[in-house]
4 protein chains.
Amino acid sequence: MTENAETPQAGPERGRHDKLGRQRALMDWAKVVFSERGYDTATTREIAQRAGCSEGLIHRYFGGKPGLLAAVLQQRELSRTVDLTAGMPRQATVEEELVRFMEWEIEKSWDDRATMRVTVSRAVIDPIIGDRAREFFQATRVDFLRERLAWHQGEGRIRKGLDMGVVAAAISGFAFNSGFFAQVAFQEPQELVKSEARTIAAVLARGLAP
Amino acid sequence: MTENAETPQAGPERGRHDKLGRQRALMDWAKVVFSERGYDTATTREIAQRAGCSEGLIHRYFGGKPGLLAAVLQQRELSRTVDLTAGMPRQATVEEELVRFMEWEIEKSWDDRATMRVTVSRAVIDPIIGDRAREFFQATRVDFLRERLAWHQGEGRIRKGLDMGVVAAAISGFAFNSGFFAQVAFQEPQELVKSEARTIAAVLARGLAP
Amino acid sequence: MTENAETPQAGPERGRHDKLGRQRALMDWAKVVFSERGYDTATTREIAQRAGCSEGLIHRYFGGKPGLLAAVLQQRELSRTVDLTAGMPRQATVEEELVRFMEWEIEKSWDDRATMRVTVSRAVIDPIIGDRAREFFQATRVDFLRERLAWHQGEGRIRKGLDMGVVAAAISGFAFNSGFFAQVAFQEPQELVKSEARTIAAVLARGLAP
Amino acid sequence: MTENAETPQAGPERGRHDKLGRQRALMDWAKVVFSERGYDTATTREIAQRAGCSEGLIHRYFGGKPGLLAAVLQQRELSRTVDLTAGMPRQATVEEELVRFMEWEIEKSWDDRATMRVTVSRAVIDPIIGDRAREFFQATRVDFLRERLAWHQGEGRIRKGLDMGVVAAAISGFAFNSGFFAQVAFQEPQELVKSEARTIAAVLARGLAP
DNA sequence: CATGAATGAGTATTCATTCAT
DNA sequence: GATGAATGAATACTCATTCAT
C-alpha cells in the first residue's frame, strides 16, 4: 500500500556503463515526474536530471517522450497481470470472490496512483494511449473475473441465464471506478471506498444467486 | 443525444464590437478544442481561430489560457442538477429506478462529452479541480439517488438495514464509469454500455430486494 | 558588380509593426548568413538576430529554415529573369550576341555569388532544391538564348540544320560554368574569365556560321 | 560506367582486428553517405553502421568527422590523371579529339559521382577546398587538352593565332559542366548530355579550323 | 584494439502573451 | 474595443565526441 514510486533508486554513477540500470532509473523517475506535472508539462530534461543521466538516453532507449510513457505503462501492467492471476486463489462464495477482486483493485490502484493519474489523464484525450489503457485496465481483468464467475456459475452458485461476460465487464468497471476515481482522483479515504465496495459486493452476490 | 458542443455558433462578425458574443464563442470553442487535444496541447491560436476572433481577446477577457479553462470548468457547474431532479419522475420499481438513472447518466455524459473530457483530464491530475469535480459529478447525484432509494426502502421494496447512502454512492460511481469511461473515454458503443447497465441494474435490484 | 548582399538594410525598429520590412530583412540577412556558414551550419537564431527580429518569425513567415532558403532563391531568380529579358537588345552578329550573353551571366553571377554558393552547394545534394535550381538557372536562360539564336538562324547568320535548342543548352551550360564555377567557386579573376568567354564566343560564332 | 562507389565492400568481420580494412570501409562508405546527404546532414553513426564498425573508430582513425572528409577528399586526388593520359590515343581530327575528351569526362563524372558531389558541395563554400578542387578538376585536364590541341594546331588542323591555353580552359570547363552539372547534379540522362556534347564539339571544331 | 554506452552542447520549432496599430 | 504582428522563453530531439568496458 506504500507508494513505492516517490523515491526511486538513484541511477547508476555518472558515466558508468549500465544500460539496464539507466533504463530502470529513467522509467522510475518518469513515473514520478509525469505524475507530479502531468504528461505535457513534464520535461524530458527534468526526468533525465533526476534519474541522473543525459536527456538523449530517453530518445535512444524509448524513442522519445511518448515512448517513455508507453514503456512505463506497459511495464506496470505486465507486473500487475502476473500479480492478479498468480496471487488470487479461488474463493468459496461469490461474495467473497467479488470482495477480494475489488479490494485487490483498490489496493493496487493506490500503489501506483502516480502512474494511473498520468495514464488516465492522457487516455481520456489521446486515442492511442486510450486504446492501450483500455486493454490493460479492462481486458485482462474482465477475462480473469469472467472465468471466476463462470466457474461459480458452473458450481451452481450463480443462476443460469446470466451472461458472465457482461456481468464481469460491469463489475470490473465498478471496481476500476472505486479504485481509481473514488480513491485516487476524488481522494476518498481508502477505508470508505473499501466499505462501499464490500456493501455492493454483498448486494451483487445476492442478486446473482440462483 | 446530439453533441451540441461540437459545432458551436460562429462568433460575431469579425471586427464588430460584441463582447458577450465573443466571450461565449470563445468558451464554446475552448471546450471543443480542449477536449479534442487536451489542455496543454490545445493552442490559444486554434481556439481563437475557430471562434473567429483574435488571440488577444483570450487574455483580455479571461486572463489567458488558464483563465479560459477555469471559466469553462465553472460555467458547466450551473446547468446540470436542474434537469436531473426536474426531469425524472419516481419509478414504480427499484430496477426501473436504477435503469432510468443509469441511462440518464449515459446519455448526459455523451451530450456533454467535450466538457467532461476536459474536466476529467484535469481533475485526475489537479487535486483542486478534482475536489470540485467530485462535488459536482458525485455529490448532487448521490444525494438524488439516495433520496430515491430511501423512498423505495420506505415503501418496502428494499430490505431494511442497508445504508442507502453507501449504496447510492456505489451505484452512482458505477453509472459514472459507464457513462464517461466506457462510453466516452474507451469509446464503447452506447447501446452496449446501456445494455450492460440494464443487466447490472437487474442484478442490483434483485440484490436489494427484501 | 558590387556585392550588395553583404550589408543589408537594418531591419525595422524592435517591436514596431512592419511585416514587409521584417520579411525583407530576414531574407537579406539569410543570404548573408547562409553564404557565410553554409545552409546546414547557419542557424535560424543568427539570422534572426542579425535581422533584428525574433526567431519565430522565420517560421511564421517562411515555414521554417528550408522555406527561407526557397524564398531567397525564388526572389533572386524572379528579379534576374526580368533583368535578362528586359535589359538585353538584339545584337547584329552572332558573336556579339554570345559575348553579351556570357558577360551578362558572368557579371550577374558575381553580383550574387553569396546566394549562388549556398544554392549550388545545396542543389548538388537536395533534389528538391536541385530541380528548382535547374529550372531557375537553366530553363529561362536556355529559352531566351534559343529564341535569339533561332532569330539569327532565320536571318541567315547561322547555318540551317543545327538544332538551336541543343546549342542554346550547351552554351548556357558553358556560361553558367564560367560565371559560377570558374569565377565564384574557383576564384579565377573576372577579366580572365571574360576573356576566355570572348575567345570561345568567337570560335562558336565561326562554327555556327553558314 | 558502373558506380563502383555505391556499394563498397562490407568492412571486416565485426570485432576482428583489421585496421586497414576498417579504414578503407569507412572511407568508402563516407563517400556514399556524404554524397547522399551532404556533409553536415550525414551522421557518423550512419557511416559507421554501413561500414559495419563502431562510431569511435572514425575518431580514432581520422580525428572525427572533418578528418574523415579530408581523408576522402585527399584520397581521390591520386588516381585520376593517370587514366586520362594513358587511356586516350591521339585522334585524327579535332572534332574527334573533342568528342573523346568530353565523353571521357562525362563517363568519369558518372563513375565518380559520389565523390564529386561531396567535393563540389564543399568546394563551393569552402575556399580552401575550392582551390584544391580547381587544381584537380581543371589544371591536369587543361594541360592535357592544351597539349593535344597545340599538336593539332601544329599539324595545321587549327588556325594559327588562337591561344590553345585559353581554348583548352574553356572547353574543359564546358566538359566539366556537362559531366557534373547537367548529368550528376541536374540529373539529365547521359545520352542527352553526350549528344549535346557531340553537337557542340562539331561546332567548336568547325570554329577552330583554319 | 574495438565496442557501444553515455554525454551535453546545440537546434529548429512552438506558443502564450504583449502591445503597436 | 479589436486586431494581428512581434516576442522570447521553453522544449523535444540530434549528434559528434568521449571513455568505460
Side-chain angles (χ1 to χ4, degrees), chain A residues 11-23 40-48 52-61 63-66 68, chain B residues 12 14-19 22 40-49 53-61 63-68, chain C residues 11-23 40-48 52-61 63-66 68, chain D residues 12 14-19 22 40-49 53-61 63-68:
Chain A
E13 210 184 325
R14 204 77 201 218
R16 270 282 270 300
H17 280 32
D18 183 357
K19 189 170 175 172
L20 220 77
R22 280 201 166 70
Q23 286 179 329
D40 291 285
T41 316
T43 70
T44 54
R45 178 166 304 176
E46 182 179 355
I47 295 170
C53 60
S54 80
E55 230 180 322
L57 257 27
I58 290 176
H59 302 93
R60 179 185 298 271
Y61 291 154
K65 200 181 171 187
L68 182 54
Chain B
R14 205 78 201 221
R16 270 287 272 305
H17 286 27
D18 180 357
K19 188 165 171 173
R22 281 203 161 68
D40 292 283
T41 315
T43 69
T44 53
R45 168 170 296 190
E46 184 180 353
I47 295 169
Q49 259 172 1
C53 58
S54 81
E55 242 179 311
L57 290 187
I58 290 177
H59 299 89
R60 177 187 296 276
Y61 291 155
K65 198 184 176 186
L68 181 55
Chain C
E13 210 185 324
R14 203 81 200 214
R16 271 283 271 298
H17 280 32
D18 182 357
K19 190 169 173 172
L20 219 75
R22 281 201 165 71
Q23 287 178 329
D40 292 284
T41 315
T43 69
T44 54
R45 179 164 305 176
E46 183 179 355
I47 295 169
C53 60
S54 79
E55 232 179 320
L57 256 27
I58 290 176
H59 302 91
R60 181 185 298 270
Y61 291 154
K65 199 182 172 187
L68 182 54
Chain D
R14 203 78 200 223
R16 270 288 270 305
H17 286 28
D18 179 358
K19 189 166 170 173
R22 281 203 162 67
D40 292 284
T41 315
T43 69
T44 53
R45 169 168 295 191
E46 183 179 355
I47 295 169
Q49 259 172 3
C53 59
S54 80
E55 242 178 311
L57 290 186
I58 290 176
H59 299 89
R60 178 186 295 276
Y61 291 155
K65 199 184 176 188
L68 181 54

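Sequence lines set the chain letters: A, B, ... in the order given, protein chains first and strands last, and positions in each chain run from 1.
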Pairwise N/O distances under 3.5 Å, protein to nucleotides 9-13 of chain F:
unit_1: dA12(F); atom_1: OP1; unit_2: A42(A); atom_2: O; d: 3.2
unit_1: dA12(F); atom_1: OP1; unit_2: K65(A); atom_2: NZ; d: 3.1
unit_1: dA12(F); atom_1: OP2; unit_2: T44(A); atom_2: N; d: 3.1
unit_1: dA12(F); atom_1: OP2; unit_2: T44(A); atom_2: OG1; d: 3.1
unit_1: dC13(F); atom_1: OP2; unit_2: H59(A); atom_2: NE2; d: 3.1
unit_1: dC13(F); atom_1: OP2; unit_2: K65(A); atom_2: N; d: 3.1
unit_1: dC13(F); atom_1: N4; unit_2: E55(A); atom_2: OE1; d: 3.1
unit_1: dC13(F); atom_1: N4; unit_2: E55(A); atom_2: OE2; d: 3.3

Say you draw a straight line from CG of L57(B) to SG of C53(B); how long is it, rounded to the nearest 0.5 Å? 5.0 Å

Here the distance between atom C1' of dT14(F) and atom CD of E46(D), to the nearest Å, is 14 Å

Residues T44(B) and I58(B): closest non-hydrogen pair is O-CD1, 3.7 Å

5'-most contact on DNA chain F: G15(A) or K19(C), nearest heavy atom basis? K19(C)

May I have the distance from H17(C) (atom NE2) to dA20(E) (atom C1'), rounded to whole angstrom? 5 Å

Roughly how far apart are K19(D) NZ and R60(D) CZ, rounded to 0.5 Å? 8.5 Å

Given DNA chain E, 5'-ward residue of the pair Y61(D) and L57(C), judged by closest heavy atom: Y61(D)

Quick one: are S54(A) and R14(A) in side-chain contact, heavy atoms under 4.5 Å? yes

Quick one: stems for DNA chain F, with Watson-Crick or G-U pairs under 3.5 Å, at least three in a row? E:2-21 with F:2-21

Expressed as a whole number of angstroms, how long is the span from R14(A):CZ to dC19(F):P? 14 Å

How long is the straight-line distance from OG1 of T41(B) back to CG of D40(A), given to the nearest 0.5 Å? 4.0 Å

dT7(F) C1' sits how many Å from D18(C) CG, rounded? 15 Å

Do L20(C) and Q23(C) have side-chain heavy atoms sitting under 4.5 Å apart? yes

Shortest non-hydrogen contact from R16(C) toward R22(C): O-NH1, 2.7 Å

Could you tell me the separation between the CD atom of Q49(B) and the P atom of dA16(E), rounded to a whole number of Å? 12 Å

Interatomic distance, L20(A) CG vs dG4(E) C1' [rounded to whole Å]: 15 Å

Residues two or more places apart in sequence or in another chain: which of them pass salt bridge (charged side-chain N to carboxylate O under 4.0 Å, His left out) with E55(C)? R45(C)

Atom CZ of R60(C) to atom P of dC15(E): distance rounded to whole Å? 11 Å

First of G52(C) and R16(A) reached from the 5' end of DNA chain F, by closest nucleotide: G52(C)

With no hydrogens and no angle check, is any side-chain donor or acceptor of K65(C) less than 3.5 Å from a backbone partner on H59(C)? no

Choosing from dA2(E), dG8(F), dA2(F), which nucleotide comes nearest the side chain of R22(D)? dA2(E)

